[in-house]
Structures are given as C-alpha cells and as structure tokens.
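Worksheet: one structure, shown below.
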Amino acid sequence: VKGWGDSEATEDIKKILEMANRASSRREVLHTDFLTPPVLKESMMTLEKFSDIKMAPQGGYPEAERCRLSVGHTDVFSSDLDIVAAISVTGNFEFEPCSHGDFLGAILGTGIVRDKLGDIIMQGDKGAHVLVVPELVDFLTSSLDKVGNVSVICKRIPLFALEYEPPRTKVFKAVEASLRLDAVASAGFNISRSKMADLISAGDVKVNWASVAKSNTTLRTGDVVSVRGKGRLKVGEISNTRRGKYAVDIIRFI
C-alpha cells in the first residue's frame, strides 16, 4: 500500500484490508461497494498474502470493469451471494441520443453516490442497463424518471438478461528493449515514441485508469493502457528473447 501513488486509492485499499481483518477475526463474509479497476486489482494482489482469507470480485457480468469484492474467512467464505443487481433504463433515445455520461449524471442526480453504481452498459437508442447494489434498486426505479430530456422507465432485470457485447480485440507481439510505457505504448498504438512521450507529458495517457506523467513507467502483465482519442490496450504475456529484449503480447481493443 505504501507504494501506491494515488492517496485516495491508498485509503480505499487500507479500508479493504481492515475489512478483511474484521471478516477473518469474526469468521464472516463482508462486501465492498463497487471498486475502480486499479483499486480492485491492487487490493486482490495484497489480499493474496492472507492465508486465512478468500475473495471474489463480482460485477454482474464477465467483462465488468467496476466490481464489488467479497472477502471472508476461508471456513465460511461463499461468493454465491446476491450483491449485484441490474436495472433496465428504457426510453426513446432515437431522436435525442444520450451518452454514458448523461446516464451517469442522471443517476447521480437522484442522490446515489458513485460507489453504489457498477458499470453502465449502453443499449443504443433503447437506453442502458445499469449495475447497482441491490438495496438501492427500489429507490432508483422510483426516482429516475428522465435522462437528459428523455423520459425513462426503470425496472429490475435478472443478471442473465443483461445485453452486452464482449470487446473486440486484436492481439500481436512487439519486441522492445525495455518495458517502459512510452516504448510499449508506441508499439501498441503504432505511433512514434516521441509522440507517445508528448501524450504522456500532456496527461493524455492512463495506466490502469490512473493518470501517469512519466514515460519511463514500467509496465507488467495485466496492465491496461489508455490514450485519449486512440483507445486502449492490455499488456499480455511477457517473455525474454535470446538477445535480452522483451517479447510482449499486446491486446488492442478495437
């Protein structure tokens, strides 16, 4: 936790560790609210060191980015719990399209805090599917009546009814002298290394959803790199070549 740069994220991770200690000492299972991907990843990596703790993330569907984390003592742990609910928000968006931000703003406008919300899965001109903590389903379905200028109807739906498309990806291998962010990202997005360094300096590049300012940031397997206006990629398996370089599998989202 000491090495985590984001102070707000550090506090979140510390709270999760404290929750894990409570769950272990009381022999019970506890659950977080929805976590951002970097906080979830760092928390799970840290909790792996606890021999008496089991954990499981749940976001409502396989590709979920925002997930709740269940932690509990190994003797009583169960991840088969109803801790994520889904809501369908429908309306006629054909002539007044609304963005992800419009839906998020409308939901937060009801008074719900962001941590109680998971992913928002856009459904084109039909509306969106929203993941939320179960205890707020009734409130949200009765309070949310408009997104932008479009009147909407909200109702709970089972998780198996969620409609989403798995992300399309292109996988290729790059051979680099180092695992620096500017080197791997320039290969992944097919732009010059100097241009990538400029984008990093301008604050247009994020690693694991957190802004980075240093081109020499070292990447590792599982890291997600996003560049404003160009998309994102994931670092896959890394191996060493006979000449001492790094062969990196790059998963580009298209």
Side-chain angles (χ1 to χ4, degrees), residues 6-9 11-12 15-16 31-43 57-69 82-159 161-168 203-211 224-232 234 253:
D6 188 323
S7 60
E8 184 175 345
E11 288 303 312
D12 290 338
K15 290 177 182 177
I16 294 169
H31 318 283
T32 69
D33 286 333
F34 285 97
L35 306 174
T36 61
V39 170
L40 175 66
K41 179 180 178 180
E42 193 71 17
S43 297
Q58 299 183 52
Y61 66 109
E63 283 81 17
E65 289 191 352
R66 293 175 63 85
C67 294
R68 301 186 72 183
L69 183 63
D82 184 23
I83 66 168
V84 178
I87 293 174
S88 173
V89 183
T90 57
N92 186 6
F93 294 93
E94 183 177 0
F95 301 107
E96 293 194 51
C98 286
S99 67
H100 181 283
D102 293 326
F103 277 87
L104 177 60
I107 294 169
L108 297 182
T110 66
I112 292 178
V113 297
R114 186 68 176 96
D115 293 346
K116 301 296 182 181
L117 289 178
D119 287 358
I120 298 174
I121 309 171
M122 302 300 292
Q123 302 294 311
D125 59 15
K126 295 185 295 184
H129 290 168
V130 180
L131 285 305
V132 64
V133 294
E135 57 267 28
L136 289 180
V137 167
D138 290 342
F139 171 79
L140 189 56
T141 53
S142 62
S143 300
L144 183 63
D145 57 6
K146 185 172 288 189
V147 176
N149 294 319
V150 179
S151 296
V152 296
I153 298 174
C154 302
K155 65 177 182 179
R156 182 169 184 166
I157 59 174
L159 294 178
L162 287 171
E163 297 181 12
Y164 62 93
E165 292 185 6
R168 293 185 298 153
D204 292 331
V205 180
K206 293 183 177 181
V207 176
N208 298 326
W209 293 268
S211 295
V224 175
V225 180
S226 59
V227 178
R228 183 174 299 167
K230 298 186 179 296
R232 62 177 174 162
K234 186 174 183 179
F253 295 88

I'd like to know if the side chain of [X] and the backbone of [Y] have a donor-acceptor N/O pair within less than 3.5 Å.
{"X": "Arg68", "Y": "Leu35", "answer": "no"}
{"X": "Thr110", "Y": "Ile107", "answer": "yes"}
{"X": "Thr32", "Y": "Leu69", "answer": "yes"}

How long is the gap from [atom1] on [X] to [atom2] on [Y], to the nearest 0.5 Å?
{"X": "Arg66", "Y": "Ile120", "atom1": "CZ", "atom2": "CD1", "answer": "9.0 Å"}
{"X": "Ile121", "Y": "Ser88", "atom1": "CD1", "atom2": "OG", "answer": "11.0 Å"}
{"X": "Asp12", "Y": "Ser43", "atom1": "CG", "atom2": "OG", "answer": "8.0 Å"}
{"X": "Ile112", "Y": "Ser143", "atom1": "CD1", "atom2": "OG", "answer": "7.0 Å"}
{"X": "Phe93", "Y": "Asn149", "atom1": "CZ", "atom2": "CG", "answer": "10.5 Å"}
{"X": "Cys67", "Y": "Leu131", "atom1": "SG", "atom2": "CG", "answer": "9.0 Å"}

### Test side chain to side chain donor-acceptor pair (under 3.5 Å) applied to Tyr61 and Asp119, step by step
CA-CA 10 Å; Tyr61 66 109; Asp119 287 358; 2.6 Å; yes
### Query
So do the side chains of Thr36 and Trp209 get within less than 4.5 Å of each other, counting heavy atoms only?
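SC-SC contact between Thr36 and Trp209 ruled out.
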#### Entry: Test item: Thr141 and Ile87 side chains (from C-beta on) under 4.5 Å apart, heavy atoms
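The answer is yes; the side chains approach within 4.5 Å.
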Counting only heavy atoms not in [X], do more than 12 fall under 6.0 Å of its [atom1]?
{"X": "Ile153", "atom1": "CD1", "answer": "no"}
{"X": "Lys206", "atom1": "NZ", "answer": "no"}
{"X": "Glu165", "atom1": "CD", "answer": "no"}

### Task
Could you tell me whether Lys116 and Asp33 have a side-chain N and a carboxylate O separated by less than 4.0 Å?
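Salt bridge between Lys116 and Asp33, a charged N being under 4.0 Å from a carboxylate O: yes.
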### Task
Could you tell me which residues satisfy salt bridge (charged side-chain N to carboxylate O under 4.0 Å, His left out) with Glu163, sequence neighbours excluded, listed by chain and number?
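Residues passing salt bridge (charged side-chain N to carboxylate O under 4.0 Å, His left out) with Glu163: Lys126.
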### Residues forming a ring pair (Phe, Tyr, Trp, His ring centres under 6.0 Å) with Phe253, sequence neighbours excluded
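Result, ring pair (Phe, Tyr, Trp, His ring centres under 6.0 Å) vs Phe253: none returned.
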### Query
Partners of Phe34 by ring pair (Phe, Tyr, Trp, His ring centres under 6.0 Å), sequence neighbours excluded?
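Partners of Phe34 under the ring pair (Phe, Tyr, Trp, His ring centres under 6.0 Å) test: none.
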### salt bridge (Lys or Arg N to Asp or Glu O under 4.0 Å) assessment of Arg232 paired with Glu65
CA-CA 14 Å; Arg232 62 177 174 162; Glu65 289 191 352; 2.6 Å; yes
### Query
What pair of heavy atoms forms the shortest contact from Ala85 to Arg156, and how long is it?
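Scanning both residues, the minimum pair turns out to be CB-NH2, 3.6 Å.
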